[in-house]
Amino acid sequence: MRRRLRRARWLLPVGSAALWRAVRLDPLPRSFSKRSPERLARALLGQLVVHHTARVTRVGRIVETEAYLGPHDLACHSAKGRTKRTEVMFGPHGHAYVYLVYGLHLCLNVVTGQGAAVLLRALEPVEELARADGPGRLTRALGVSLRHNTHPLDTPPLFLARGKPVPARFVVRAPRVGVDYAGQWAHAPLRFLDARSAHVSVKV
DNA sequence: GCGGTGATAGAT
DNA sequence: TCTATCACCGCC
């Protein structure tokens, strides 16, 4: 407990309310992301995403993810090769891959390395969070920007925190959204949802 | 169902 | 430089 408190003080300014929140927000170690993208996508369900800005601490519970397996997965950006943009996915696990799609929306991913990552698709609001069901709405609600690309996700201001794992009976798998161009990979059931949540982006 | 919007990657 | 291509969203 002492250790948690010390960690908490490091996270947030002193103040009883902030401190209380911080105690609840136990950052996940970077090693949490050290597993296959498929396993991480599953494990992230029920965990928390925290963005601590100057004004507020925004917190959401992850209820929908997608695994992007690496260069062999034709739906994965790294299938196009190792480029300036995809470089971060070939780096160490536990960092953020943030990119712009359709000229409008940002997407936030957790890197697992070897060109693979997990896309965060939907959050259930916990603290100071607007509707975040959908990858674009998620980044907007959290206040994530392109500058967060490559940010280590065990470090403030943007980090993953311990939530409550989703029991297997509530985990639903489905094909990923918007990857029709990826041939056989378009059908792979690499999307993971918490079936109890009303905040998933697309119904199965 | 369709238009808006801009970074990226590969072509020229 | 130019052009096609998008892990989407909101409004029609």
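Every chain is numbered from 1 and lettered A, B, ... according to where its sequence line falls, protein lines coming before strand lines.
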Residues 36-46 of chain A, side-chain donor-acceptor partners within the protein, below 3.5 Å, at least two apart:
unit_1	atom_1	unit_2	atom_2	d
A:S36	OG	A:R39	N	3.1
A:E38	OE2	A:R173	NH2	2.8
A:R42	NH1	A:V166	O	3.4
A:R42	NH2	A:V166	O	2.9

Any residue of [range] with a heavy atom less than 4.0 Å from an atom of DNA chain B:
| range | answer |
| --- | --- |
| residues 62-88 of chain A | A:K80, A:T83, A:R85 |
| residues 128-145 of chain A | none |
| residues 97-112 of chain A | A:L100, A:Y102, A:G103, A:L104, A:H105 |

Tell me every residue that passes side-chain hydrogen bond (donor to acceptor under 3.5 Å, both in side chains) with [X], counting only those two or more places apart in sequence or in another chain.
| X | value |
| --- | --- |
| A:E66 | A:Y68 |
| A:R162 | none |
| A:T86 | A:T83 |

Span of DNA chain B, from the first to the last nucleotide whose atoms fall under 4.0 Å of chain A heavy atoms: B:dG4 to B:dG10

May I ask you to say whether A:R191 pairs ionically with A:E64, meaning some side-chain N is under 4.0 Å from a carboxylate O? yes

With A:D73, which residues qualify under salt bridge (Lys or Arg N to Asp or Glu O under 4.0 Å), at least two apart?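 Applying salt bridge (Lys or Arg N to Asp or Glu O under 4.0 Å) to A:D73 gives A:R176.
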
Quick one: salt bridge (Lys or Arg N to Asp or Glu O under 4.0 Å) partners of A:R137, sequence neighbours excluded? A:D133

Check whether any side-chain heavy atom of [X] lies under 4.5 Å from a side-chain heavy atom of [Y], and answer yes or no.
| X | Y | value |
| --- | --- | --- |
| A:L193 | A:T65 | no |
| A:P152 | A:R30 | yes |
| A:L160 | A:L48 | no |

For [X] versus [Y], what's the shortest heavy-atom pair and its separation?
| X | Y | result |
| --- | --- | --- |
| A:A96 | A:N149 | O-OD1, 3.4 Å |
| A:S197 | A:V63 | OG-CG1, 3.5 Å |
| A:F159 | A:P27 | CD1-CB, 4.0 Å |

Please report, rounded to the nearest Å, how far the C1' atom of C:dC8 is from the CG atom of A:D180. 14 Å

What is the separation between atom OH on A:Y181 and atom P on C:dT5, rounded to the nearest whole Å? 13 Å

Is B:dA7 syn or anti, taking syn as a glycosidic angle within 90° of 0?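 Here B:dA7 takes the anti form, which means its glycosidic angle is more than 90° from 0.
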
Remaining members of A:L190's ILVMFWY cluster at a side-chain heavy-atom cut-off under 4.5 Å? A:L69, A:L74, A:W185

Side chain to side chain contact (heavy atoms under 4.5 Å, CB included) between A:E87 and A:T150, worked out: CA-CA 9 Å; A:E87 187 60 30; A:T150 75; over 6 Å; no

Could you summarise the pairing of DNA chain C as dot-bracket text, marking Watson-Crick and G-U pairs under 3.5 Å with ( ) or [ ] inside the strand and | across strands? ||||||.||||.

